[in-house]
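Inspection log for the structure reproduced underneath, given as structure tokens.
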2 protein chains.
Amino acid sequence: RRRIAAPTGGTLNCKSWLTEAPFRMIQNNLHPDVAERPQDLVVYGGIGRAARDWACFDQILATLKTLEDDETLLVQSGKPVGVFKTHADAPRVLIANSNLVPKWATWEHFNELDRKGLFMYGQMTAGSWIYIGAQGIVQGTFETFVEAGRQHYGNDLKGRWILTAGLGGMGGAQPLAGVLAGACVLAIECQQSSLDFRLRTAYLDKQARDIDHALELIRQHTARGEAVSIGLLGNAADVLPELVERARAGGPKPDLVTDQTSAHDLINGYLPSGWTVAQWRAAASDPARHAELKAAAARSCAVHVRAMLDFQAMGIPTVDYGNNIRQVAFDEGVRDAFNFPGFVPAYIRPLFCEGKGPFRWVALSGDPEDIYKTDAKIKELFPENKHTHRWLDMARERIAFQGLPARICWLGLGERHLAGLAFNEMVKNGELKGPIVIGRDHLDTGSVASPNRETESMKDGTDAVSDWPLLNALLNTAGGATWVSLHHGGGVGMGYSQHAGVVIVCDGTEAAAKRIARVLWNDPASGVMRHADAGYDIAVATAKKHGLNLPMVK
Amino acid sequence: RRRIAAPTGGTLNCKSWLTEAPFRMIQNNLHPDVAERPQDLVVYGGIGRAARDWACFDQILATLKTLEDDETLLVQSGKPVGVFKTHADAPRVLIANSNLVPKWATWEHFNELDRKGLFMYGQMTAGSWIYIGAQGIVQGTFETFVEAGRQHYGNDLKGRWILTAGLGGMGGAQPLAGVLAGACVLAIECQQSSLDFRLRTAYLDKQARDIDHALELIRQHTARGEAVSIGLLGNAADVLPELVERARAGGPKPDLVTDQTSAHDLINGYLPSGWTVAQWRAAASDPARHAELKAAAARSCAVHVRAMLDFQAMGIPTVDYGNNIRQVAFDEGVRDAFNFPGFVPAYIRPLFCEGKGPFRWVALSGDPEDIYKTDAKIKELFPENKHTHRWLDMARERIAFQGLPARICWLGLGERHLAGLAFNEMVKNGELKGPIVIGRDHLDTGSVASPNRETESMKDGTDAVSDWPLLNALLNTAGGATWVSLHHGGGVGMGYSQHAGVVIVCDGTEAAAKRIARVLWNDPASGVMRHADAGYDIAVATAKKHGLNLPMVK
Ligand SMILES: NC(=O)c1ccc[n+]([C@@H]2O[C@H](COP(=O)([O-])OP(=O)(O)OC[C@H]3O[C@@H](n4cnc5c(N)ncnc54)[C@H](O)[C@@H]3O)[C@@H](O)[C@H]2O)c1
Ligand SMILES: NC(=O)c1ccc[n+]([C@@H]2O[C@H](COP(=O)([O-])OP(=O)(O)OC[C@H]3O[C@@H](n4cnc5c(N)ncnc54)[C@H](O)[C@@H]3O)[C@@H](O)[C@H]2O)c1
């Protein structure tokens with residue numbers, strides 16, 4: 001069993017930092033603290049891999065070691081397939097992962113090719129070598145909560161509380177993210193083991209004994225303006241209706257309601273009301289009982305969603321967090337299930353319209369001090385960006401680095417290139433011990449078409465138009481990013497999304513500065529363009545403010 | 001009603017030849033001699049458009065006029081959506097047309113968006129501004145027949161004859177292409193109007209009175225080694241079985257059998273045996289009779305395919321020419337319908353394995369002499385390429401230019417960049433009156449995934465993997481092509497293909513020479529790579545011969 005970790009320090013294994021960067025980053029993706037199943041090359045997201053197999057992985061490293069500064073390596077679904085002559089301002093690596101002609105874009109066909117060793121699932125940042133562990137999901141959830149606070153509560157969540165359920169792989173980030181955003185959180189979770197895990201890793205502050213205790217804790221902490229997260233063992237389909245009753249009877253009302261149980265998977269993801277966890281597991285592992293389990297789980301989801309709608313009717317902002325629970329309830333006869341919006345149209349899209357998205361960077365030196373210095377630089381560059389300051393402080397305190405030291409914070413058009421140029425300058429003048437790699441999630445403003453999530457309910461109905469991520473990848477290639485990727489099926493699976501990634505290296509050179517200025521401007525600008533084209537006022541205003549040349553936007 | 005034609009001559013309307021080229025080529029695509037329905041912006045292929053609407057068309061021209069040499073225009077399904085700062089070696093235009101997230105990649109969803117003015121069908125070269133009229137289909141058919149001759153008849157079709165049917169929009173190229181390839185052709189066509197049209201335009205040499213006369217003419221001309229094409233009015237489903245009978249009885253046997261009736265469309269495309277054309281038209285225009293018509297047409301296709309199988313059983317090379325007739329017959333119970341191959345696996349793929357494909361070029365000056373001089377240059381560069389010499393001579397003689405003078409001939413890896421560099425040199429030293437634009441069809445070796453046509457029956461089963469065309473587009477963008485495009489649904493419709501286009505301008509500069517050397521090498525090399533990866537020996541050998549660096553191909 002191999003143990004992979006990125007080399008650190010100032011010694012090159014490749015011919016330049018532009019090739020050393022992917023060399024280190026693919027290995028970082030497979031670091032035991034970063035990857036979910038490194039022995040299978042799986043980074044995250046079920047089966048999102050960094051390379052097709054070990055032979056391909058080894059060959060990618062070997063090829064990067066000898067790659068010249070006017071050559072480009074092509075990677076096809078995790079396999080290094082060719083090296084071609086390009087030029088210094090062209091990307092060093094171009095990646096296409098998991099792409100299938102639409103009619104064949106199914107898991108069945110994917111699996112057939114995958115089994116034969118002919119294919120690979122790249123997820124978003126797994127196959128494009130810029131995954132940085134749990135920090136990403138915490139930050140995304142944080143931005144969502146902050147945006148909710150901005151829209152509904154004058155940018156201040158102090159004394160407010162968020163009601164949610166589900167403390168699993170992703171949902172477990174909610175209590176920490178809510179607290180970082182300044183709110184209290186009450187999270188219902190039906191498995192004590194999940195509560196224990198979140199308490200142990202300090203993602204959750206306390207566990208309440210029962211509903212009364214939970215509401216008492218919420219009352220105390222919100223009154224004192226303290227941001228504290230509270231877990232409650234229970235079934236959301238029982239607890240939410242109970243909380244609705246109490247709120248109607250004059251009890252405390254949440255300030256935001258959402259949910260991250262795995263309602264998208266009615267076999268393994270949602271405990272039916274009245275069932276024990278043991279009964280649930282038994283039924284889930286017996287295919288003969290799946291129909292019964294599914295029916296019971298769906299009925300409970302309907303109850304759960306009705307309670308969410310009740311909260312919404314009280315004027316409380318309520319959103320679906322991408323777990324498909326509205327659809328399940330709708331199919332169970334809850335006609336108005338879609339009355340509350342998804343989190344992307346509600347909170348993420350306004351950010352996308354300003355070109356804001358999950359900007360992230362990694363210190364190739366391996367030295368945490370390099371990240372702390374860049375944290376300080378971000379604060380210095382954007383003094384007015386208070387919630388980002390709060391994030392950076394708390395992230396440093398509460399989120400451990402996994403693999404190479406890394407940071408994520410959402411920055412917009414007009415900000416990202418300034419950060420990139422500043423980092424490049426810090427590399428140049430020796431403030432940092434080594435180059436910085438800048439990337440982002442494929443879930444970003446200009447880089448994804450995913451009608452069930454990122455591009456749900458676009459204003460003009462162009463949810464499924466994937467010209468945009470393709471143009472984004474072509475533009476970043478033209479601009480001189482260090483590596484560019486085009487994937488299919490990330491986040492939502494085969495057939496449901498197309499998306500592009502970009503990474504650029506700050507090696508401290510003047511040539512890099514020129515590329516950074518272009519790429520980190522164009523990349524978010526292409527998202528503003530996409531949203532302006534769809535008719536969003538914020539995007540049109542952002543385009544005007546920054547002087548974008550969008551020929552058909554008047 | 002507007003009349004569009006490309007400007008000609010040496011005066012720039014834009015700031016450089018790199019922007020003047022797309023400026024002229026989009027207009028050339030809509031020239032009345034080039035486009036099928038220029039008033040609707042439709043270039044070819046049903047609804048393949050050059051721009052989304054007239055406002056977009058006008059804005060594309062206006063934007064190109066002011067585009068700087070370090071800027072790039074993005075075109076999204078025929079709409080000019082943004083101008084971004086890039087650099088001199090980046091493409092001036094990047095295009096994405098008709099791309100949809102797979103689950104939504106249907107004609108229904110396309111039509112919905114199209115009706116709202118939100119989308120456009122780009123076909124292959126319509127939306128990527130490098131269509132050159134009928135010459136392309138004649139040349140593709142010519143190459144197919146030449147390759148058949150190479151494989152089966154020692155590279156010599158003299159005294160040989162090809163049996164086919166269907167003289168429609170595409171199929172009408174068969175008699176001319178067959179003759180240019182050196183063979184006689186017998187083409188069965190059920191409509192006198194189609195025969196008349198082909199006779200009038202000299203695509204067809206003669207019409208026979210009946211089967212006896214047709215076979216007599218074939219006997220005479222093949223005996224004399226003359227390449228002559230003969231049309232015969234009749235129904236292929238009747239004539240082919242009759243020809244099988246006669247061949248069995250010692251009559252003449254064809255040397256190649258194929259078919260281009262429109263069997264893919266059983267309402268409008270295939271005349272059932274025993275029906276008159278008038279009866280057919282009447283049934284086709286009455287939806288109540290479609291079921292009956294379809295059933296009759298399908299039964300006739302089965303008879304037709306059985307006759308083709310009979311010829312194959314006599315040892316005669318027999319291929320499907322992409323009209324789906326095998327599937328129709330199979331569905332009618334012809335179990336062995338797929339015993340004969342499609343034309344791509346049979347004849348085109350071996351060419352693709354050598355990086356050969358539909359290289360084409362256009363004289364921006366508008367002067368036919370520029371093309372004749374490049375014809376001569378091609379002959380000079382590739383003296384051993386006899387069939388290309390033959391093609392160039394006959395094309396000059398028999399194929400009229402449509403719009404800007406243009407030429408097409410299939411060239412392979414190691415040839416295309418030499419042609420490009422030679423043309424650039426001719427522009428530089430004033431031999432030509434103006435720059436040359438070099439492009440190709442999206443149907444090419446490295447640029448398409450289309451499991452029902454171009455990538456049918458790939459050796460390793462990767463027919464549907466579309467990483468390859470995406471990598472092709474990224475690589476050509478990185479290499480510095482003048483414009484690059486990524487399309488969906490060309491040739492075979494929504495859901496069935498993804499493909500990339502590339503165009504590069506020879507403006508006579510040194511900078512252009514460097515880009516030409518890279519792009520016209522990399523582009524076909526990426527096709528050799530794709531086929532070597534799939535395990536084709538010819539491709540592996542071609543890669544070795546040209547020293548390609550394919551890390552996993554040993
Ligand atoms: N970007 C996005 O749209 C996005 C982001 C994060 C998560 N999600 C969605 O959120 C959901 C959760 O993701 P995850 O990775 O945390 O899943 P998970 O399966 O790891 O966790 C689900 C948790 O919910 C708990 N649970 C199940 N039924 C319950 C019930 N009735 N009451 C209380 N708790 C219950 C389970 O015990 C488990 O701990 C998924 O559907 C995921 O797709 C979407
Ligand atoms: N690249 C490719 O794979 C490729 C290239 C060219 C054509 N094709 C296919 O070839 C077919 C023909 O294309 P087209 O554009 O010429 O179509 P078309 O409809 O314009 O022409 C079809 C012709 O066949 C004739 N015909 C119909 N039934 C007949 C019968 N029973 N006997 C004799 N003649 C009959 C019609 O009268 C018509 O002239 C299509 O299915 C097309 O998709 C494929």
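Keep in mind that the numbers below use all heavy atoms, side chains included, and drop hydrogens, waters and symmetry copies. This structure is a prediction, so every number in the text was calculated from the model and none was measured.
If you measure heavy-atom distances from Ala62(A) to chain B, you find no contacts under 4.5 Å at all. Looking at Met529(A), only its side chain comes within 4.5 Å of chain B, counting heavy atoms on both sides. When heavy atoms are compared at a cutoff of 4.5 Å, Thr106(A) does not approach chain B at all. Interface remark: His109(B) contributes side-chain atoms only to the contact with chain A (heavy atom separation under 4.5 Å). With a threshold of 4.5 angstrom between heavy atoms, Asn476(A) does not approach chain B through any atom at all. Residue contact with chain A, scored on non-hydrogen atoms closer than 4.5 Å, involves the backbone of Val75(B) exclusively. Using a 4.5 Å cut-off between heavy atoms, Leu474(A) touches chain B through backbone and side chain atoms alike. Residue contact with chain B, scored on non-hydrogen atoms closer than 4.5 Å, is absent for Ile60(A). No part of Ala532(B) comes within reach of chain A, as not one of its non-hydrogen atoms sits under 4.5 angstrom from that chain. For Thr455(B), no part lies near chain A; criterion is any non-hydrogen pair under 4.5 Å. When heavy atoms are compared at a cutoff of 4.5 Å, Ser497(A) approaches chain B solely by way of its backbone atoms N, CA, C and O. The contact between Phe119(A) and chain B is made entirely by side chain atoms (from C-beta outward), counting heavy-atom distances below 4.5 Å.
Each of Leu118(A), Val484(A), Val81(A) has some count of heavy-atom pairs under 4.5 Å with chain B, and the biggest count is that of Val81(A). Between chain A and the options Ala105(B), Ala55(B), Gly82(B), Ala464(B), heavy-atom pairs under 4.5 Å are most frequent for Ala464(B). Each of Gly495(B), Ala543(B), Ala90(B) has some count of heavy-atom pairs under 4.5 Å with chain A, and the biggest count is that of Gly495(B). For the set Asp533(B), Thr63(B), Asp463(B), Val519(B), the entry with the most heavy-atom pairs within less than 4.5 Å of chain A is Asp533(B). Options Leu471(A), Leu548(A), Thr477(A) differ in how many heavy-atom pairs under 4.5 Å they form with chain B, and the most are formed by Leu471(A). Your options are Ala473(B), Gly479(B), Pro451(B), and the one with the most heavy-atom pairs under 4.5 Å with chain A is Pro451(B). Contact count versus chain B (heavy atoms, under 4.5 Å) is highest, among Asn99(A), Leu100(A), Asp460(A), for Asn99(A). Listed options Leu550(B), Leu94(B), Leu486(B), Val553(B) were ranked by heavy-atom pairs under 4.5 angstrom with chain A; first place goes to Leu94(B). Looking only at heavy-atom pairs under 4.5 Å with chain A, the residue among Ala525(B), Pro469(B), Pro91(B) that has the most is Ala525(B). Of the listed residues Arg518(A), His487(A), His488(A), the one with more heavy-atom pairs under 4.5 angstrom with chain B than any other is Arg518(A).
Checked against the 6.0 Å centroid criterion, the rings of Tyr496(B) and Trp104(A) qualify as a close aromatic pair.
Using modelled atom types and a 3.5 Å distance limit, the side chains of Thr482(A) and Arg515(A) yield no donor-acceptor pair. Side-chain contact, Thr72(B) with Thr86(B): a donor N or O sits under 3.5 Å from an acceptor N or O. A donor-acceptor contact closer than 3.5 angstrom is absent between the side chains of Asn472(B) and Ser447(B). A side-chain donor-acceptor contact under 3.5 Å links Asp467(B) and Ser77(A). Side chains of Asp89(B) and His87(A): no donor on one and acceptor on the other come within 3.5 Å. When only modelled atom types and interatomic distance are considered, Arg52(B) and Gln76(B) share a side-chain donor-acceptor pair under 3.5 Å.
A 6.0 Å sphere centred on NZ of Lys85(B) holds no more than 12 heavy atoms belonging to other residues, nucleotides or ligands. Applying the 6.0 Å contact sphere to NZ of Lys459(B) captures more than 12 heavy atoms from other residues, nucleotides or ligands.
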(Q) One pair to check against salt bridge (charged side-chain N to carboxylate O under 4.0 Å, His left out): Lys15(B) and Glu68(B). What are the steps and the verdict? (A) CA-CA 7 Å; Lys15(B) 295 196 167 186; Glu68(B) 300 288 345; 2.5 Å; yes

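Of the possible donor and acceptor atoms, none in the side chain of Asp70(A) sits under 3.5 Å from a partner among the backbone N and O of Ala88(A). Within the 3.5 Å criterion, the main-chain N or O of Val465(A) finds no donor-acceptor partner in the side chain of Thr462(A).
Under a 4.0 Å N-O distance rule, the pair Glu112(A)/Lys116(A) qualifies as a salt bridge.
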